Amino acid sequence: MSIDQKIVQILHKVNALAAMRENRFSDLPDVRVLAVTKNQSTMAIRTALAAGITAVAENRVQEAVQKYADIGEMAEWHFIGHLQTNKARLIVPFCHLIHSLDSKSLAIEIAKTAAKLNKRQDVLMQINVSGEDTKFGVPPNQAVEMAGFLSSLENIRLCGCMTIAPLCDDIEKTRPVFRELFHLFQEIKSLNFPNTSLEWVSMGMTNDYPVAIEEGANLIRIGTGIFGKRG
Ligand SMILES: *Cc1c(COP(=O)(O)O)cnc(C)c1O
């Protein structure tokens with residue numbers, strides 16, 4: 001199947017799953033599909049943009065910078081990988097949303113760069129719900145405190161939460177992880193911290209997005225499901 005056909009199919013399935021949720025999540029924006037473009041050529045990205053994708057997500061700084069130089073504002077740029085503090089200044093100038101905010105020191109650095117650019121950087125707090133050592137993210141029991149800290153930084157706006165579920169053969173096993181992230185999102189939202197806008201729940205990838213949508217995701221991150229296996 002071509003990239004265009006895969007996109008049509010995924011968007012169709014996402015809309016059907018979103019419609020089945022009825023009104024449970026109707027106070028949040030509709031589900032959006034991000035194309036995860038790591039290891040993909042700029043030609044493949046252009047094909048995806050022509051087929052109805054509007055936002056792309058990268059997980060490596062150098063690759064994101066290079067692709068932005070080529071594709072520019074034709075796409076909305078999201079950053080989803082672990083971001084080292086000293087690389088924040090490279091990402092902030094063109095990034096619409098950073099999904100992987102996972103420490104106070106990174107938050108301070110993002111805010112500093114954003115201030116110089118007269119910008120307010122939208123971020124999601126990455127939460128390590130599954131608690132795996134191999135994953136980045138704020139521990140669930142520190143998420144509320146972190147949200148309070150982010151709300152004190154003028155040039156950052158906390159817009160939601162992100163998690164990565166463990167890789168499982170049985171996608172049902174991801175459900176408790178997604179449910180817990182949504183629960184934390186709602187808890188933070190209910191606290192009405194100033195200078196925040198809690199709207200986005202980023203969870204679900206090619207293998208597990210149907211469950212993520214059922215549990216409240218409205219930003220899903222699809223790589224291989226659109227582009228095929230990474231080269
Ligand atoms: C690579 C990646 C994805 C996409 O994974 P697929 O299984 O290819 O859909 C989503 N989120 C993050 C953080 C990633 O690094």
Side-chain angles (χ1 to χ4, degrees), residues 1-3 5-14 17 31-41 44-45 47-48 51-67 75-84 87-88 91 95-103 106 122-138 159-175 177-178 181-182 185 200-231:
M1 226 195 299
S2 66
I3 290 175
Q5 287 170 323
K6 285 187 195 146
I7 289 172
V8 169
Q9 210 175 60
I10 285 198
L11 293 178
H12 185 76
K13 194 161 167 201
V14 164
L17 287 161
V31 183
R32 285 189 79 191
V33 175
L34 303 180
V36 177
T37 50
K38 62 188 183 203
N39 292 351
Q40 301 301 336
S41 67
I45 300 174
T47 304
I53 290 293
T54 55
V56 300
E58 282 285 337
N59 74 333
R60 287 197 197 90
V61 172
Q62 214 46 47
E63 208 176 318
V65 168
Q66 273 165 14
K67 285 178 183 160
E76 180 184 288
W77 294 82
H78 292 239
F79 194 79
I80 59 173
H82 177 62
L83 185 54
Q84 287 173 283
K87 302 268 175 73
I91 288 297
C95 199
H96 177 76
L97 183 64
I98 297 172
H99 295 227
S100 42
L101 194 292
D102 60 2
S103 73
L106 176 59
D122 285 351
V123 300
L124 305 182
M125 188 196 311
Q126 181 173 353
I127 303 180
N128 186 2
V129 176
S130 67
E132 291 165 280
D133 294 342
T134 52
K135 288 199 161 66
F136 290 99
V138 176
C159 296
C161 303
M162 180 271 229
T163 202
I164 305 172
L167 200 59
C168 301
D169 293 335
D170 175 7
I171 69 163
E172 273 306 315
K173 293 198 178 126
T174 62
R175 191 179 297 279
V177 171
F178 294 143
L181 186 76
F182 193 81
F185 168 83
W200 297 107
V201 182
S202 170
M203 56 188 190
M205 326 200 312
T206 299
N207 288 326
D208 54 21
Y209 77 88
V211 178
I213 292 175
E214 284 168 9
E215 296 301 329
N218 62 357
L219 270 185
I220 60 169
R221 310 180 304 262
I222 307 290
T224 50
I226 290 175
F227 299 106
K229 282 218 170 72
R230 282 182 277 277

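Heavy atoms only: backbone and side chains are in, while hydrogens, waters and symmetry mates are out. Quick caveat: nothing in here was measured; it's all calculated off a predicted structure. First listed ligand is number 1; within each ligand, the first listed atom is number 1.
- For the pair Lys6 and Val8, the minimum side-chain heavy-atom distance is 4.5 Å or more.
- The shortest distance between side-chain heavy atoms of Gln5 and Gln9 does not fall below 4.5 Å.
- Counting all heavy atoms, side chain and backbone alike, Phe136 lies closest to Gln126 at O-NE2, 3.3 Å.
- Ring pair His96/His78 is tilted by interplanar angle, where 30° to 60° counts as tilted.
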Give a table of atom pairs where an N or O of ligand 1 lies under 3.5 Å from a protein N or O.
| unit_1 | atom_1 | unit_2 | atom_2 | d |
| --- | --- | --- | --- | --- |
| ligand 1 | 8 (O) | Thr224 | N | 2.8 |
| ligand 1 | 8 (O) | Thr224 | OG1 | 3.2 |
| ligand 1 | 8 (O) | Arg230 | NH1 | 2.8 |
| ligand 1 | 8 (O) | Arg230 | NH2 | 3.4 |
| ligand 1 | 9 (O) | Thr206 | N | 3.1 |
| ligand 1 | 9 (O) | Thr206 | OG1 | 2.4 |
| ligand 1 | 9 (O) | Gly223 | N | 2.8 |
| ligand 1 | 11 (N) | Arg221 | NE | 2.9 |
| ligand 1 | 15 (O) | Lys38 | NZ | 2.7 |

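- Side chain of Ser130 to backbone of Ala165: no donor-acceptor contact under 3.5 angstrom is found.
- A donor-acceptor contact shorter than 3.5 Å is absent between the side chain of Asp208 and the backbone of Ile171.
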